[in-house]
Engineer: 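My questions will all concern the structure given below.
Ligands are counted one by one from 1 in listed order, and the atoms in each one are counted from 1 as well. Throughout, residue positions are numbered sequentially from 1 according to the sequence presented.
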Amino acid sequence: MTQTRSTEETTVDLDAVRTRYRLERDKRLRPDGLGQYVFTNSGEFESFSRDPWSDAPATRETVHDDVDVTIVGTGFGGLVAGAYLRKAGLEKIRFADPAGDVGGTWYWNRYPGIACDVESLIYLPLLEEVDVLPTRKYASGEEIRQHAIALAKKFELYRDALFHTAVDSAEWNDETERWTVKTDRGDEFVSRYVILSAGLLLGPKLPIVPGIENYKGHMFHTSRWDQEYTGSDGSGGAPKLADKRVAVVGTGATGVQLVPAIAPDVKELFVVQRTPSAIDTRDDEPLDAEFWKAQPAGWQGQRRDNFIQIVHGTGAAENLVGDKWTDIAPARGMRQLAANGFSGDPALTIELADYEKMEELRARVAEIVEDSDTAAKLQPWYRHMCKRPAFSDKYLQSFNRENVTLVDSDGQGIERFTEDGIVVLGVEYKVDVVIFATGYEQNSNPATRANVNIVGREGTTLSEYWSDGLRTVHGWVSRGFPNLFHIGFTQNAHSVNFSHILEEQGKHISSAVAQAEKLGGVLVEPTEDAEDAWVQEIVERRVDASEFSAECTPGYYNAEGKPRKVSQHFGGGPIEFHEILARWRESDRYSEVLRPSNRS
Ligand code: NAP
């Protein structure tokens, strides 16, 4: 039976829409799922992972000393935790990172056009303290990287840092009550606290394409931009591609930023598409630093909170950021539900809002792209949050350029490489260079995410302890692993403004460390009751999104079409999660995560 539903303006045959979405999904589902990618961290594709921004020193003195804290990872998660710990009075803070400088993803990714599509005023952490305001609503990658450097300088986080260095293991010694940390550079040092903040998206990944080894042209991944080959100096553009036929493979958030940035510079550009992104407007504009500097203290926190209330909640009286993230389909649907006093069917209201939104985005493509066949291929046919939304005022316009060709693969991707180029749907495209904008390896196992072998009390590894599921208090601390903290995705909540999430975690962890330091003679390790209670909360509040995800076209949001049933996240969302943390601190519940040291 056809399910026909009405919104105020349109009548929708929802069955027909669902069928169309399923058809598009089914074209893309592959029996090998994740196996369609190869990771570049080792083996024959290792060169795709090499650091183009700095050479690791061939040798350096190994480090053997005692530190207060070791922080694995110098992205915003680690830096913000370091900043709060510095404020809490910790002296010797050791960062370790395989990169040559701070910045995490913003160290690695320097392709032309890179920017953050979350508003800079809410994305850049500790703006009020670092006091260098971004110049635009959407800061460029380089501006963001400079902010990371400024943060590290302001809080003196370079002092004990080890770059070009990966932590291999951290082992708890119950007698000394210290962690022994070992690195891939032969360092072995002792640390009172360890914080793991290695990020979720790891090394570059490439699609498995037959014949790639026969291709005689040049290839690289966007996250290891080839400056020499392209002549890019980090300020955008790629002048040395003026006489080159270039293929960009991948049309996710990265491809959408890259294509318009290099299109004016290259001889010919072939944009290889497997699935089109859903692309809304970006509406970038310059910012008035003086205006923001004059705002009352606390403005950034208020703006961030307002953003998550609009994106993840039922709205707020005023939408301070007012960008298109605040109009994603679920947010729109939630606002409609709230406006109707939650009287309607929530799932249906959100699905209708989703349909409206996607229709608007499909219409936007048709308005902008002059060639109707190209426009049809650029229209996304899936629900809005099946894939990460994209925002651009230049990407779709690029396809009106004479030198840009959309090579749509009807969901199949590149068929094979030849010596001279690529084959898509049986047609060979001869190209001088293939640029992969094909995303990153995602390690969804929190125990091994940082690639550090964690050995806690009585020789138990973190992988063993979490083998039946995560066990934490609020995602940041676990029994048997004293003074060890996790930043990132564990049993907590997340948001598109991920730096906000990281900062809340860093603030919370450092408050517990500060408490432990003040009391002395204690370790940060949860009681069994506290850990049980949070695991129970996670189980009871679990949101099973597997039905929604299974209907989605494959991508990393739904584990390439094989969504997990069991979520490890807090189902109440980021607003409630942050309130829980704040209340917990205010009501001084630190005793739940502190226990006497054996040495006291
Ligand atoms: P991605 O979202 O994983 O997209 C990879 C792209 O490669 C997809 O379009 C994918 O197609 C395509 N692809 C994979 N194999 C292919 C093949 N064999 N042939 C043709 N195309 C193929 O990667 P990304 O764009 O680098 O983004 C990754 C994440 O980085 C984002 O989701 C976001 O979290 C972050 N990011 C953020 C920003 C920002 O402004 N904040 C900017 C860039 C990136 P399918 O869609 O069919 O799989």
Engineer: To check you understand the geometry: which heavy-atom pair defines the closest contact between S54 and D51, and what is its length?
Structural biologist: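 Residues S54 and D51, closest heavy atoms: OG-OD2, 3.2 Å.
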
Engineer: Report the part of S409 (side chain from C-beta onward, or backbone N, CA, C, O) that has a heavy atom under 4.0 Å from ligand 1; answer both or neither where that applies.
Structural biologist: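 The answer is neither; S409 stays 4.0 Å or more away.
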
Engineer: Sub-3.5 Å donor-acceptor pair from the side chain of N214 to the main-chain atoms of E419, do we have one?
Structural biologist: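 Not a single qualifying donor-acceptor pair exists.
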
Engineer: Hey, does G555 sit under 4.0 Å from ligand 1 if you only count heavy atoms?
Structural biologist: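 Judged by the 4.0 Å heavy-atom criterion, G555 does not count as contacting ligand 1.
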
Engineer: Should C116 be listed as contacting ligand 1, given a heavy-atom distance under 4.0 Å as the test?
Structural biologist: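 Yes; C116 lies near enough to ligand 1 that a heavy-atom distance drops under 4.0 Å.
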
Engineer: What residues, two or more places apart in sequence or in another chain, satisfy side-chain hydrogen bond (donor to acceptor under 3.5 Å, both in side chains) together with W225?
Structural biologist: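 In terms of side-chain hydrogen bond (donor to acceptor under 3.5 Å, both in side chains), with neighbours along the sequence ignored, W225 is linked to T230.
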
Engineer: With S495, which of H578, H312, E504 fulfils side chain to side chain donor-acceptor pair (under 3.5 Å)?
Structural biologist: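 Considering H578, H312, E504, a side chain to side chain donor-acceptor pair (under 3.5 Å) with S495 is found only for H312.
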
Engineer: Any N or O of I414 that comes nearer than 3.5 Å to an N or O of ligand 1?
Structural biologist: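 Such a contact does occur with ligand 1.
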
Engineer: For atom 9 (O) of ligand 1, which of the options N497, T251, T105 provides the nearest non-hydrogen atom?
Structural biologist: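 Of the listed residues, T251 has the closest heavy atom.
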
Engineer: Under 4.0 Å, heavy atoms only, figure out whether ligand 1 is touched by the backbone of P207, its side chain, both or neither.
Structural biologist: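 P207 to ligand 1: side-chain contact only, backbone stays beyond 4.0 Å.
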
Engineer: Mark the output for W106 as yes if a heavy-atom distance to ligand 1 is under 4.0 Å, and as no if none is.
Structural biologist: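 Contact absent.
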
Engineer: Please confirm whether the backbone N or O of S223 pairs with a side-chain atom of H221, one donor and one acceptor, at under 3.5 Å?
Structural biologist: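 Yes.
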
Engineer: With heavy atoms of V249 as the reference, note each atom of ligand 1 found under 4.0 Å away.
Structural biologist: 19 (N), 20 (C), 21 (N)

Engineer: Taking the six-membered ring for Trp, are the ring centroids of H218 and Y229 within less than 6.0 Å of each other?
Structural biologist: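 Yes - the distance between ring centres of H218 and Y229 falls below the 6.0 Å cut-off.
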
Engineer: Any atoms of ligand 1 less than 4.0 Å from a non-hydrogen atom of Y440? List them with their elements.
Structural biologist: 26 (O), 28 (C), 30 (O)

Engineer: Determine, using heavy atoms of K387 and all atoms of ligand 1, whether some pair is separated by less than 4.0 Å.
Structural biologist: yes

Engineer: Is ligand 1 less than 4.0 angstrom away from at least one heavy atom of A115?
Structural biologist: yes

Engineer: Please state which part of A437 comes within less than 4.0 Å of ligand 1, counting heavy atoms only: side chain, backbone, both or neither.
Structural biologist: backbone

Engineer: T275 versus ligand 1: do any nitrogen or oxygen atoms come within less than 3.5 Å of each other?
Structural biologist: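 It does: an N or O of T275 is found under 3.5 Å from an N or O of ligand 1.
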
Engineer: Taking atom 22 (C) of ligand 1 as the point of reference, which of R388, R274, Q257 owns the nearest heavy atom?
Structural biologist: R274

Engineer: Name all residues meeting the side-chain hydrogen bond (donor to acceptor under 3.5 Å, both in side chains) criterion together with S140; count only those two or more places apart in sequence or in a different chain, and write none if there are none.
Structural biologist: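 Once residues adjacent in sequence are excluded, S140 has no partner under the side-chain hydrogen bond (donor to acceptor under 3.5 Å, both in side chains) criterion.
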
Engineer: Minimum heavy-atom separation for A450 and V72, please, with both atom names.
Structural biologist: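 Heavy-atom minimum between the residues: CB-CG1, 4.4 Å.
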
Engineer: Any idea which atoms of ligand 1 are less than 4.0 Å away from a heavy-atom of A253?
Structural biologist: 25 (O), 42 (C), 43 (C), 44 (C)

Engineer: Is there a donor-acceptor contact under 3.5 Å from the side chain of N306 to the main chain of L320?
Structural biologist: yes

